[in-house]
Colleague: 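Here's a structure for you.
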Amino acid sequence: MAGLVLLLGLGSGAATSAAAATLPAAPTPSPTATQSSPAPTPTAAAGENNDPPDEAAVAEQSVTVLASTNFQLPFPCGQAWAGNSSGSSAHRAYEIDFNRGGTADADLGDTVVAAAAGTVVISSHQGSTNGYGNLVKIDHGGGWTSFYAHLNSRSVSAGAKVSQGQKVGTVGKTSKPGNNISAHLHYEVRQGEGYPGNIRKAVFNGSTFGYPTQTLTSKNKCGGTNPHTAQSVCGSGYTVIDSAALGTAGTVYLLYNNANGNNCVATIKKSSLGTATATAAYLEVQGKTRVTDSGSFTYYAGPVRAAAAGKCVKWGGKAGSSAYNSPFEHCG
């Protein structure tokens, strides 16, 4: 869903023009990310204090470490979030506010994860200092840092080393007193010193965010492992009773629920995770019409459910170029 427009931003005042120098040729967050031509450097508003001092020191990492860093969306694998860089009057450049719910507090308490590995250099409530509220700042080396603001809770302490995809907090609406905002994640990437001129365009999975707005699906820590299982797709009470491999592209599963006598079929992908590819699952109870879920899916096809107590079933599915079709079986 489209992200909510914030009632108030980090501070007061109208936004200045979008900014920032282009990322240098090396190091970069991602070798495939593209950057626009330089724009006028933004300036901080009078009284702004949005560059809080670090609470922990970190040994400088080598350029080669940073060059291999692949920033990902700061949310768990498979989640879709709408980002907006122009919905807050407090934004100075390429900051992004993320939402996915349709009401003001729909995202409150949702998990926030590290966009890349690094060392936590700030983990505190900023109080009246600025509008960040509960803030986590991670140093990724080479002068690159990421900010996670307005958190409802923080899961890491200053000085801790975090891995990409590790939980750092939850989505919230904390800010300075009197700054009433809806729940969202305020995310920034910075390079070097000098706010707000050090704010850089965000890059996720090798692609620059589509400013000013874009909805993205997280590939953070997907790592070739599907975050969904046949049981999670079919629901509580279902147990796998059969399965068939679909080459290296996936597996189709047949499940049964003893409590209600229903069968369920789900095809779980193993490759091209996060990318929509042809995937299908079907279930046919003997004497009844076949039920099929087929299309271009990112992680799975299904669930396909049908009452089958005392009946034989035919089931199967497809992922990529591989398919499986069973005979009528599992009768009773």
Side-chain angles (χ1 to χ4, degrees), residues 2-21 36 39-54 73-75 81-101 103-108 110 112 115 121-138 145-152 154 168-202 208-215:
L4 297 173
V5 176
L6 303 185
L7 299 177
L8 290 172
L10 293 175
S12 61
T16 61
S17 59
S36 62
T41 301
T43 57
E48 247 181 356
N49 186 13
N50 289 348
D51 196 8
D54 291 349
L73 207 68
F75 301 104
W81 287 79
N84 189 322
S85 69
S86 59
S88 171
S89 63
H91 288 185
R92 295 289 176 264
Y94 299 121
E95 306 100 314
I96 304 172
D97 291 338
F98 282 105
N99 283 108
R100 64 172 179 167
T103 60
D105 290 337
D107 309 317
L108 187 65
D110 285 359
V112 175
V121 291
I122 295 178
S123 179
S124 64
H125 195 298
Q126 296 293 299
S128 298
T129 303
N130 49 52
Y132 290 128
N134 272 320
L135 172 69
V136 169
K137 175 185 175 184
I138 301 175
T145 58
S146 57
F147 283 62
Y148 312 78
H150 305 314
L151 298 174
N152 189 55
R154 292 173 281 110
V168 298
T170 58
V171 175
K173 53 182 179 179
T174 57
S175 187
K176 60 184 177 182
N179 199 18
N180 298 316
I181 58 176
S182 57
H184 69 283
L185 174 69
H186 175 97
Y187 175 83
E188 299 180 25
V189 173
R190 299 187 187 183
Q191 182 202 11
E193 303 296 329
Y195 173 87
N198 59 352
I199 302 174
R200 299 291 182 257
K201 284 188 174 182
T208 302
F209 180 76
Y211 290 91
T213 61
Q214 186 178 19
T215 298

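All residue numbers refer to positions in the sequence shown, counting from 1.
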Colleague: For the pair N198 and Q191, evaluate side-chain contact (heavy atoms from CB on, under 4.5 Å) and give the outcome as yes or no after the intermediate values.
Modeller: CA-CA 5 Å; N198 59 352; Q191 182 202 11; 5.5 Å; no
Colleague: Considering residues at least two apart in sequence or located in another chain, which fulfil the ring-ring contact (aromatic ring centres under 6.0 Å, His included) criterion with Y148?
Modeller: Y187
Colleague: Any side-chain donor-acceptor pair under 3.5 Å between H184 and N99?
Modeller: no
Colleague: Looking only at heavy atoms, which two atoms of T145 and F147 are closest? And how far apart?
Modeller: OG1-CE1, 3.7 Å
Colleague: Just verifying a value: how many Å separate L135 CG and S124 OG, rounded to the nearest 0.5 Å?
Modeller: 6.5 Å
Colleague: My understanding is that only residues two or more places apart in sequence, or in another chain, count here; which of them pass side-chain contact (heavy atoms from CB on, under 4.5 Å) with S128?
Modeller: P177
Colleague: So L185 and L151, side-chain contact (heavy atoms from CB on, under 4.5 Å) or not? Walk me through it.
Modeller: CA-CA 7 Å; L185 174 69; L151 298 174; 3.9 Å; yes
Colleague: With sequence neighbours excluded, what pairs up with N152 under the side-chain contact (heavy atoms from CB on, under 4.5 Å) test?
Modeller: L108, T170
Colleague: Measure centre to centre between the rings of F98 and W81, then say whether the value is under 6.0 Å.
Modeller: no
Colleague: With sequence neighbours left out, what residues match R154 under salt bridge (Lys or Arg N to Asp or Glu O under 4.0 Å)?
Modeller: none
Colleague: Using only heavy-atom distances, determine whether the side chains of H150 and D97 contain a donor-acceptor pair under 3.5 Å.
Modeller: no
Colleague: Restricting to non-hydrogen atoms, name the atom on A183 and the atom on V171 that form the minimum distance, rounded to 0.1 Å.
Modeller: C-CG1, 4.2 Å
Colleague: Would you say the side-chain atoms of H125 pair up with the backbone N or O of G127, donor to acceptor, closer than 3.5 Å?
Modeller: yes
Colleague: Check the pair Q126, N134 against side-chain contact (heavy atoms from CB on, under 4.5 Å), reporting the backbone distance first and the verdict last.
Modeller: CA-CA 6 Å; Q126 296 293 299; N134 272 320; over 6 Å; no
Colleague: Any sub-3.5 Å donor-acceptor pair from S88's side-chain atoms to A90's backbone N or O?
Modeller: yes
Colleague: Will you find, in the side chains of Y132 and E188, an N or O donor that is under 3.5 Å from an N or O acceptor?
Modeller: yes
Colleague: When you measure from the side chain of S175 to the backbone of G131, do you find a donor-acceptor pair of N or O atoms at a distance under 3.5 Å?
Modeller: yes
Colleague: Is there a donor-acceptor contact under 3.5 Å from the side chain of D54 to the main chain of V121?
Modeller: no
Colleague: Does N130 use its side chain to pair, donor to acceptor, with the backbone of N50 at less than 3.5 Å?
Modeller: no
Colleague: Just verifying a value: how many Å separate D51 CG and R190 CZ, rounded to the nearest 0.5 Å?
Modeller: 5.0 Å
Colleague: Mind checking side-chain contact (heavy atoms from CB on, under 4.5 Å) for S86 and listing every partner two or more places apart, or none if nothing turns up?
Modeller: N84, P212
Colleague: In Å and rounded to the nearest 0.5 Å, what is the OG to CD1 distance from S85 to I199?
Modeller: 11.0 Å
Colleague: Please identify each residue that fulfils ring-ring contact (aromatic ring centres under 6.0 Å, His included) with Y211, with sequence neighbours left out.
Modeller: Y94, F209
